[in-house]
Amino acid sequence: MRTRNAVFGFALVAGLGAFATLALAQATGQPLTVKKVKDNIYFVEGGGGNSSIIIGQNGVIVVDAKTTLESGKGIVEQVGKLTNKPITTVILTHSDGDHVNGLPAFPKDITIIAHENDKKEMEQALAAGARGAPPKEYLPNKVVTRNRESDTIDGVKMTLIHIANAHTSGDLAVYLPDDKVVITGDLIGPGDPLIHRNKNGISEGWIRFVSALVQLDANTYVLGHADPETKAQVEANLKNADEKRTRIAALVKQNKSLDEIKQTLGETAKPGAPPPRFPTYTETTYEELTKK
């Protein structure tokens, strides 16, 4: 096993339990399943992170594009089963490969919207030949640069929100005020937050970002790798993450080691258990607070 610092620096190799397991399962040929959220809003499981389909007056907006060309084609096919309106826009919630690599399945003339940091991450990945990047012609062609940008696309009112670095440096939440729906990508998932330190994600920013999302007039939160949650469920996740971060910070001030903190939190590994796929929230928060 690599040293702790190497593990943190290579966050896509080691990892977080339930959330990462879901991500891996959804990216390996799982059939697509379409589920209705509200009238004209659907989310699609399988083939990568959850994608959302929003049917507007004259066209369709897709949020996140799955992992592969094949799964991206599956999204396009599912849209065709729901409506004869064309896909005009894809919005990306972040740069992870299981949310962006299906983009080549979509028409080349569509608008692809992402936060400016998301685009930078994708450009860096493309230059390095990494997994998390579609071809150059499918990089975002419209970027979000402010904390909140409101727009109407195909007759659908929405606000695109980026409060701070959180899961990654380029997270973007999609708020649909008329439907009281927030599409969160991997910002919110089952269990502890997943923070990609290799993409400059930070727990402090995650707390601020999700705190802003629960202040919205919304009742349904569409997640990146699980079924939608209510506001109460998201608030509970936020409370748990905030309290855990506060506890880790107090232990760091006492000069406790990472192993000691894990032991205090009851997170010692069980003998014979496989290592998590991503660094845990405790590990990434410890690194963040100690700058290791």
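The basis for the numbers below is simple: all heavy atoms, side chains too, and nothing from hydrogens, waters or symmetry mates.
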Indicate, with yes or no, if the rings of His162 and His94 have centres closer together than 6.0 Å.
no
Between Glu77 and Lys81, does at least one N-O distance fall below 4.0 Å, as a salt bridge requires?
no
With rounding to the nearest 0.5 Å, note down the distance linking CG in Asp96 to OG1 in Thr67.
10.0 Å
Using 30° and 60° as the class boundaries, would you call the ring planes of His225 and His99 parallel, tilted or perpendicular?
perpendicular
Applying side chain to side chain donor-acceptor pair (under 3.5 Å), name anything that partners Thr89, two or more places apart in sequence or on another chain.
none
Would you please test Glu267 and Lys244 for salt bridge (charged side-chain N to carboxylate O under 4.0 Å, His left out) and show each step?
CA-CA 12 Å; Glu267 295 181 4; Lys244 190 169 192 176; 2.5 Å; yes
Answer whether the closest heavy-atom distance between the side chains of Leu103 and Val90 falls below 4.5 Å.
yes
CG on Leu251 to OG on Ser257, rounded to 0.5 Å:
10.0 Å
Pairing residues for Glu288 by the salt bridge (Lys or Arg N to Asp or Glu O under 4.0 Å) criterion, not counting sequence neighbours:
Arg245
Residues at least two apart in sequence or cross-chain that pass side chain to side chain donor-acceptor pair (under 3.5 Å) with Lys120, listed by chain then number, are none
Are Lys35 and Asp227 within salt-bridge range, i.e. N to O under 4.0 Å?
yes
Is any side-chain heavy atom of Pro279 closer than 4.5 Å to one of Arg197?
no
Should Glu243 and Lys239 count as an ion pair when the cut-off is N to O under 4.0 Å?
yes
